[in-house]
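Every chain is numbered from 1 and lettered A, B, ... according to where its sequence line falls, protein lines coming before strand lines.
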There are 2 protein chains.
Amino acid sequence: MNDSDHGRRTIRDVAKAAGVSISTASNALNGTGRTNAETREKVKRIADELGFRPNALARGLLTKRSHAIGMLTNDTYGRLTLPMAAGVSEILVDHGVSLFLCATNNDPRLAKLHLDALLDRQVDGIIFTATRIDLEPPPELVKLRIPVIYAFAQGPADSVSFHPDDAQGARIAVQHLQTLGRSRIMHITGEQNYLAARIRADAYRELVGSSGQVMFGDWSEEWGHSAIDEVYSKSGPKPDAIFCGSDEIARGVIDALRDRGISIPNDVAVIGFDNWEVVSKQTRPPLTTIDMELKELGHRAGLAILGLSRGEKLEPGVERLPCGIVVRGSA
Amino acid sequence: MNDSDHGRRTIRDVAKAAGVSISTASNALNGTGRTNAETREKVKRIADELGFRPNALARGLLTKRSHAIGMLTNDTYGRLTLPMAAGVSEILVDHGVSLFLCATNNDPRLAKLHLDALLDRQVDGIIFTATRIDLEPPPELVKLRIPVIYAFAQGPADSVSFHPDDAQGARIAVQHLQTLGRSRIMHITGEQNYLAARIRADAYRELVGSSGQVMFGDWSEEWGHSAIDEVYSKSGPKPDAIFCGSDEIARGVIDALRDRGISIPNDVAVIGFDNWEVVSKQTRPPLTTIDMELKELGHRAGLAILGLSRGEKLEPGVERLPCGIVVRGSA
DNA sequence: ACTTTCTGATAAAACCTTTTAGCTTCTATA
DNA sequence: TATAGAAGCTAAAAGGTTTTATCAGAAAGT
């Protein structure tokens, strides 16, 4: 019907079709300025009929708000950052904000490249996420003029960060085992140079007292296996429950226990950490485990960056979000 | 040094500092028009000193190329689409193109929402990816004026799609087992209503002939386990090799075989499909498996969408990219 | 000396939207 | 009746960039 059909409708098309000026059309559509209710409805109807949608580039150029935010992650699409990304995206889409995803693969050059691209695109804010909470963000990030949120990562002193509450997660794990009547609980976990591992171990020790035993290793299934070999090849008291630092470790532990004919959870109760379903649902018996609620963490980070980008002020510091427990068969 | 310091430098700042007009500055920076080498260098130097970077919104508004593309995926950040996303991103970042990630979680409402947002942002193209190759894309997608690429998903007849070559993947798996001297090879795989499962099964049958046996089930570890129970609880000839439809199935198969005291790979060789390292590296023995090269598939999709967005023409149809084999201990 | 060609630079238009300030017309108040 | 205020609308500017058309001057050809 119109003269040219190769492009999108602009607000100029709407204005012409409605017989009003561009300004009136804009005011009618946005509810700004003073507009007669009748013309307002008319403009809206016509815009609808024409399938008009405003050009986000033009709008962003003028309003200085691009309604896009960037998510910078240090890994290549791993299992920790992606549930967070899903959570962030869920929040943003409801507010008409889109998400640029930038995986830096721990490469500073790539981080710089992505960061520059985000700034060129005038993003309203950046969420930095990492695979471990004690990882330094790219140095360029800390001196930006736009808001930055740190999720599962350390920000500078005056920044806003969200972490899972590792201490609380460890406590509910141990308390669950104690409620089951277990008294000889040990803790097999990952690398000691991970802050999260140390926090959990400390919380564990606080609850079990001097009877505790912590074994640090790596985050692999294999380590869970060999840790059990080590425990049972030595003499001494054996545990009646094991709190593992990850689901993968727990899987190794469970397999090794079963190889020795030890019944789970009757002889030894096992609890994991992560609720990584592909692992925790497939162990035999299925794994009772701690869930860090990463998607919820993403929600919170998304809400926070939205707030900051609107100019709201947020309390700086690390907010720790509670973990949940998922009870399956192993404890 | 400058008058206002709260925003970014604009090309106007550069022009003023260099004592030239805005047009000259633009021409110098982009190598367009006619510019004296001397002034060109000067402008570039000053732009560099000032840290000038062009506003992507303004540029996109004018040139009609936003240098952003959207990736629409039907799942919530799963293990299949994410390696592809990494591959896509790797290609794009080198061409100064950014990636909007949109997870629709199989919800048509969400798909529409994301799609509209992408169009509002004037993306130069869209890559649609799915969790299975035989999944219909959102109907709105097929009538867009901007280029669309289908990766790991079905496009309409005149579109460009990339799939892993499931038939070839199945063939190299079976041939590997045959090279090892195995002759009683069976195939335990996932749901028959998945096109990929049928393609692989057909390729398998073609190579093993009438001696073949295919068991369809679901894609879980548990199914691998119970399939073995079924095979060994019945009388009849037993396999000397098993080609599994996924690494998870393979893990169930291996565990079940070991429970029965069957040695892998001596008595029965096992080969998986996916090379999902968290599974394939952790089985005992580690799993020999087929790799769909999803990252490479992402590379190809990224290159394709770049080409299309530049106006290049691409041969429509499904391009099948070869799978690789990763030999570990199980076969 | 006069035209042509080329070089280097620039003003202005364009992209699409929002917003400010101003202009009529009408109603209510003094 | 004059005037203040409000209601409804619009022209124009602004945002930052690219691109087109134009212009002045220099070099080159006749």
| Qualifying side chain to side chain donor-acceptor pair (under 3.5 Å) pairs with a residue from residues 44-53 of chain B, counting only residues at least two apart or across chains |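 Output for this query lists Asp120(A)-Arg53(B), Arg45(B)-Glu49(B).
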| said: Quick check on dT18(D): is either OP1 or OP2 less than 4.0 Å from any side-chain nitrogen or oxygen of Ser26(B)? | reply: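 Answer yes for this pair, as a side-chain N or O of Ser26(B) is under 4.0 Å from OP1 or OP2.
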| message | Need two values: the first and the last nucleotide of DNA chain C, 5' to 3', having an atom under 4.0 Å from any heavy-atom of chain A. | response |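 Both ends considered, the range comes out as dC16(C) to dG22(C).
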| request: Please list residues of residues 34-42 of chain B whose heavy atoms come under 4.0 Å from any atom in DNA chain D, ordered by number; otherwise none. | output: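 Hits under 4.0 Å, by residue number: none.
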| request: Identify, residue by residue, the members of residues 55-70 of chain A with a heavy atom below 4.0 Å from DNA chain D, and return them in order of residue number, or none. | output: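 Contacts with DNA chain D under 4.0 Å: Ala58(A), Leu61(A), Leu62(A), Lys64(A).
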Compile the donor-acceptor pairs under 3.5 Å between side chains in residues 57-65 of chain A and protein atoms, sequence neighbours left out, one pair per line.
from	atom 1	to	atom 2	distance (Å)
Thr63(A)	OG1	Arg59(A)	O	2.9
Thr63(A)	OG1	Arg65(A)	N	3.3
Arg65(A)	NH2	Ser309(A)	OG	3.3

Closer than 3.5 angstrom, by distance alone: can the side chain of [X] be matched with the main-chain N or O of [Y] as a donor-acceptor pair?
X: Asp124(A); Y: Ser66(A); value: yes
X: Arg40(A); Y: Ala28(A); value: no
X: His163(B); Y: Ala153(B); value: yes

| query | If an axis is fit to five pairs at each end of the helix from dA1(C)-dT30(D) to dA30(C)-dT1(D), what is the angle between the two, to the nearest 10°? | reply |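 Inter-axis angle at the termini of the helix from dA1(C)-dT30(D) to dA30(C)-dT1(D): 60°.
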| task | Sequence neighbours left out, what passes side chain to side chain donor-acceptor pair (under 3.5 Å) with Arg121(B)? Give chain and number order. | result |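 Expected list: Ser98(A).
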| For His299(A), side chain to side chain donor-acceptor pair (under 3.5 Å) partners two or more places apart |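 His299(A) satisfies side chain to side chain donor-acceptor pair (under 3.5 Å) with Glu90(A), Glu296(A) once adjacent residues are dropped.
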| field | Heavy-atom neighbours of Glu38(A) CD exceed 12 at 6.0 Å | value |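 No - once you tally the heavy atoms of other residues, nucleotides and ligands closer than 6.0 Å, there are 12 at most.
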| Is the CD atom of Glu41(A) crowded by more than 12 outside heavy atoms at less than 6.0 Å? |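 Yes, because the 6.0 Å sphere around CD of Glu41(A) holds more than 12 heavy atoms from other groups.
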[X]: partners by side chain to side chain contact (heavy atoms under 4.5 Å, CB included), with sequence neighbours left out:
X: Ser23(B); value: Ser21(B)
X: Ile11(B); value: Ile22(B), Ala25(B), Ser26(B), Leu29(B), Phe52(B)
X: Glu140(A); value: Lys112(A), Leu115(A), Pro138(A)

| request: Using ring pair (Phe, Tyr, Trp, His ring centres under 6.0 Å) as the criterion, list what pairs up with Phe100(A), not counting sequence neighbours. | output: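 Only Phe100(B) meet the ring pair (Phe, Tyr, Trp, His ring centres under 6.0 Å) criterion with Phe100(A).
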| query | Looking for any heavy atom pair under 4.0 Å, which part of the strands does Thr10(A) touch: base, sugar-phosphate only, or nothing? | reply |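 Here Thr10(A) touches the backbone only, sparing every base.
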Grab the [atom1]-[atom2] distance between [X] and [N] for me, whole Å please.
X: Arg121(A); N: dT17(D); atom1: CZ; atom2: P; value: 14 Å
X: Arg12(A); N: dA11(D); atom1: CZ; atom2: P; value: 11 Å
X: Asn27(A); N: dG8(D); atom1: CG; atom2: C1'; value: 10 Å

